[in-house]
Amino acid sequence: MKTSIATVSLSGNLTGKLAAIAGAGFDGIEIFEQDFIASDHSPAEVGQMVRDHGLEITLFQPFRDFEGLPEPYRARAFARAARKFELMNQLGTDLMLVCSSTHPAAMGGIDRMAQDFRDLGDLAARYDVRVGFEALCWGRFVNDHRDAWEVVRRADHPHVGLILDSFHTLARRIDPDTIRAIPGDRIFFVQLADAPAIDMDLLYWSRHFRNMPGEGDLDVTRFMRAILATGYAGPLSLEIFNDQFRSGLPRLVAQDGHRSLIGVLDRARRAEPALSVDLPPFPAPAPVEQVEFIEFATSQTDAGDLETLLRSAGFEPAGRHVSKPVSLWRQGGANLLVNTDSTGFAHTSYVAHGTTVSEIGLRVADAQAGHDRGVALMAQSHQQDAGAGELAIPAIRGIGGSVIRFLDSASDLGNIWEVDFRLSGPGPFPGAGITGIDHIAQTMAYDEMLSASLFYTEIFDAQKAPMVDVIDPDGLVRSQAVRTGRMRVTLNGAETRRTLAGRFIEESLGASVQHIAFASDDLFVTARALAARGFPILRIGANYYADVEARFGLDPALTERMRAANIMYDEDAGGQFFQLYSLARPDGFFFEVVQRQGNYAGYGAPNAPFRIAAQKRTARPAGMPRH
Ligand SMILES: O=C(O)c1ccc(O)c(O)c1
Ligand SMILES: [Mg+2]
């Protein structure tokens, strides 16, 4: 199946867009007339530029306000169409999109519109081009693909077909299965776009908030299945009007687009195996069974600070890598690695970001399959030489440049600790009652959040929670939780540098993991053990406890215990949640320890404003040197 993307989906000039689109693996582009007009090249030159990038022009668009007009508008619309057909001949494209009219003089009338299209088909035939009719969901008379299809059916002309756009169908909540009754060869073109579920004016929603399939809340997979069920074999094209993408890096937006297309086709074929989908086979998405380890890259000099922090959190050294300067720190089911290698990927990460999380090891059912699915979905395979007798652990590059390694219990990879490490000490150590890793918080610029959540939801069997606002005293941070099996990740998008999250991005030069939240079965016991070990607990003020007691009607004795231990509280329909924090390191990195009771599903977002304010009060003043 040919893939395509509308030039309007990317930022920059046409040359830059073409390079990004070709680089991401697309076969073609929809050329937006504006992009062509804005370019200083002749139509023939633009056509050649596109083909020089190995691309074709799958569609020329949009042609507006055509059908149902009285004279003299009608004649003018045909004269305009003739000019565009000439242009299309020079560009080297044979399909034009006509979107349904919003013209104030338009009269509607199904047979009048069908007659207009039959005449347009005759004109198109003279130029050896075709036209496709698309129902804009805000069109005056035609705003439903079923009506557009009826116009096309009645026009009954080989040069006139239907164009379907998932946004227009799904935004109006039209059942996409109604597409299954349309003959696939009468569908000339298919556009795909998703969008977040926001209640707003259709036109405004469409022009500003569309996003890639899988990034929003529309059921694009069901739409896709219906398209495939018709036997449609033309291009699948992304048409994404999005304010962020208009200023984003074209290469990344194009890559995410291609990833989303592969993802939606894969979901369609898994949901409906009878469909024929032109996509090579690759492994199904799988959940994460366990976060097996988190690795920090640091240096000999800086390792001391980190190890002091780990010790105060109840971790103990439990082994060393057989050949590399990597130590294993353990507590309960949490394994942390401290890598002081002065060569290789860890060192590169350290040089780029300072002490930083450089790798995350994930246990899945089949490690090779996890890696191969990632690569099929355009993740970069990460290779690093393993020493003799050591495990070759499949890995991909994750978000923010870190590495994700895949382990499983079905192969030798299940013995990573026995094979690659020399374990020491009797263990298990008493520790502070930390039992494992509850979640990993990754920070990024706000406009990278969609890309990051797409990474997880396409490669893993993952679910997104609704986005929540985290109020930093100096700006808003959006937080998107993603869960795959037993791995929870929160993606935090900072809009300004003054937030704690924004400062972390700046100070760590774009590192990704800003905090790790450990799990405890009894946070009060853990808090006492942490205090005894000198863990730098974040102090929470009395005002907070007065409010939380009133808000949830808590037993004052419980509030008093929480206050004494600097434990914060939240609850939802499923259960209760206790959490405590460390002070933030100068670069903004910190630890959290949480206790979930029942089926509490959140992350304590209502507490964030108070926690962040406290962390900012206790952090070193901005502008002080890092080291
Ligand atoms: O917003 C618009 O006008 C517009 C134009 C062309 C399209 O294909 C579309 O889906 C929307
Ligand atoms: Mg469209």
Side-chain angles (χ1 to χ4, degrees), residues 2-10 26 28-38 57-67 77 80-81 84 88 93 95-104 106 117 120 130-149 151-152 160-174 176 179 182 187-196 198 200-213 216 218 220 223-224 226-227 232 234-243 245-246 257 260-261 264:
K2 276 188 193 153
T3 57
S4 159
I5 182 168
T7 52
V8 74
S9 316
L10 304 179
F26 286 93
I29 60 161
E30 293 177 32
I31 194 154
F32 248 67
E33 188 170 25
Q34 278 190 349
D35 275 310
F36 159 71
I37 298 170
I57 304 179
T58 55
L59 181 76
F60 175 80
Q61 78 137 324
F63 192 75
R64 297 183 191 278
D65 292 335
F66 163 72
E67 75 284 5
R80 195 156 51 87
K84 299 305 168 191
M88 287 164 60
T93 181
L95 183 62
M96 181 172 86
L97 176 145
V98 180
C99 52
S100 59
S101 182
T102 60
H103 198 288
F117 271 101
L120 190 64
R130 301 172 302 148
V131 294
F133 187 34
E134 175 196 52
L136 295 178
C137 60
W138 57 89
R140 255 190 92 198
F141 299 104
V142 175
N143 45 43
D144 182 320
H145 68 251
R146 290 166 293 193
D147 297 329
W149 163 235
V151 171
V152 167
V160 177
L162 183 67
I163 293 185
L164 291 164
D165 178 328
S166 62
F167 180 87
H168 296 301
T169 294
L170 298 172
R172 287 194 64 126
R173 300 174 200 224
I174 299 165
I179 291 168
I182 302 170
I187 303 172
F188 280 4
F189 202 77
V190 170
Q191 298 176 317
L192 296 171
D194 203 337
I198 319 175
M200 72 166 81
D201 172 69
L202 289 171
L203 184 148
Y204 198 79
W205 190 22
S206 173
R207 296 236 175 116
H208 300 273
F209 292 92
R210 289 188 181 206
N211 52 26
M212 304 297 178
L218 302 180
V220 185
F223 178 89
M224 189 72 250
I227 296 288
Y232 170 78
L236 294 176
S237 191
L238 297 166
E239 187 199 33
I240 319 290
F241 306 93
N242 179 295
D243 295 354
F245 297 174
R246 278 182 197 278
S260 78
L261 274 181
V264 74

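Just so you know, residue 1 is the first one in the sequence shown, and it goes up from there. Note that ligands are numbered from 1 as they come in the structure, with each ligand's atoms numbered from 1 the same way.
Minimum interatomic distance between Glu67 and Ser101 (heavy atoms only, all atoms of both residues): OE2-N, 2.7 Å. Contact between Ser237 and Glu30 at its shortest, heavy atoms only, is OG-OE2, 2.6 Å. For the residue pair Leu192 and Pro213, the shortest heavy atom distance occurs at CB-CG, 4.1 Å.
Checked against a 3.5 angstrom limit, the closest N/O atoms of Asp165 and ligand 1 fall inside it. Polar contact check, Ser206 against ligand 1: no nitrogen or oxygen pair lies under 3.5 Å apart.
In terms of protein heavy atoms, atom 10 (O) of ligand 1 is closest to His168 NE2, 2.7 Å. The protein atom (non-hydrogen) at minimum distance from atom 7 (C) of ligand 1 is Glu239 OE2, 2.9 Å. The nearest heavy-atom contact from the protein to atom 6 (C) of ligand 1 is Gln61 OE1, 3.0 Å. Nearest non-hydrogen protein atom to atom 3 (O) of ligand 1 is Arg64 NH1, 2.6 Å.
Listed by atom number, the atoms of ligand 1 under 4.0 Å from Leu97 heavy atoms are 8 (O). Below 4.0 Å from some heavy atom of Gln191 lie the following atoms of ligand 1, by number and element: 8 (O). Set against the non-hydrogen atoms of Glu134, the atoms of ligand 1 under 4.0 Å away are 6 (C), 7 (C), 8 (O), 9 (C), 10 (O). Of all the atoms in ligand 1, the ones that sit under 4.0 Å from a non-hydrogen atom of Arg207 are 1 (O), 2 (C), 3 (O).
A salt bridge between Arg210 and Asp165 is present, with a side-chain N of the basic residue lying under 4.0 Å from a carboxylate O of the acidic one.
With Met96 as the partner, the side-chain contact (heavy atoms from CB on, under 4.5 Å) test is satisfied by one option alone out of Met88, Glu33, Gln61: Met88. Put simply, the residue from Ile240, Asp194, Val220 that forms a side-chain contact (heavy atoms from CB on, under 4.5 Å) with Met212 is Ile240.
Residue contacts with ligand 1, taken as heavy atom pairs separated by less than 4.0 Å, involve Leu136 solely via side-chain atoms from C-beta onward. Within the 4.0 Å heavy-atom criterion, neither part of Ile163 lies near ligand 1. Residue contacts with ligand 1, taken as heavy atom pairs separated by less than 4.0 Å, involve Arg210 solely via side-chain atoms from C-beta onward. Neither the backbone nor the side chain of Phe189 has any atom closer than 4.0 Å to an atom of ligand 1 (non-hydrogen atoms only).
Here Glu239 contributes OE1 and Asp165 contributes OD2, and at the Mg ion (ligand 2) these two atoms make an angle of 80°, given to 10°.
Between Tyr204 and Phe209, the angle of the ring planes lies from 30° to 60°, which puts this pair in the tilted group.
Annotation: Phe188 is not in aromatic contact with Phe133 [ring centroid separation under 6.0 Å not met].
Atom OE2 is the N, O or S atom of Glu134 at the shortest distance from the Mg ion (ligand 2).
Looking at heavy atoms from C-beta onward, Phe26 lies in side-chain contact with Leu261 at the 4.5 angstrom threshold. Within the 4.5 Å cutoff, the side chain of Cys99 has no heavy atoms near those of the Ile163 side chain.
Put simply, Gln191 gets within reach of the Mg ion (ligand 2), with an N, O or S atom under 2.8 Å from it.
The closest donor-acceptor contact from the side chain of Trp205 to the backbone of Pro196 lies under 3.5 Å.
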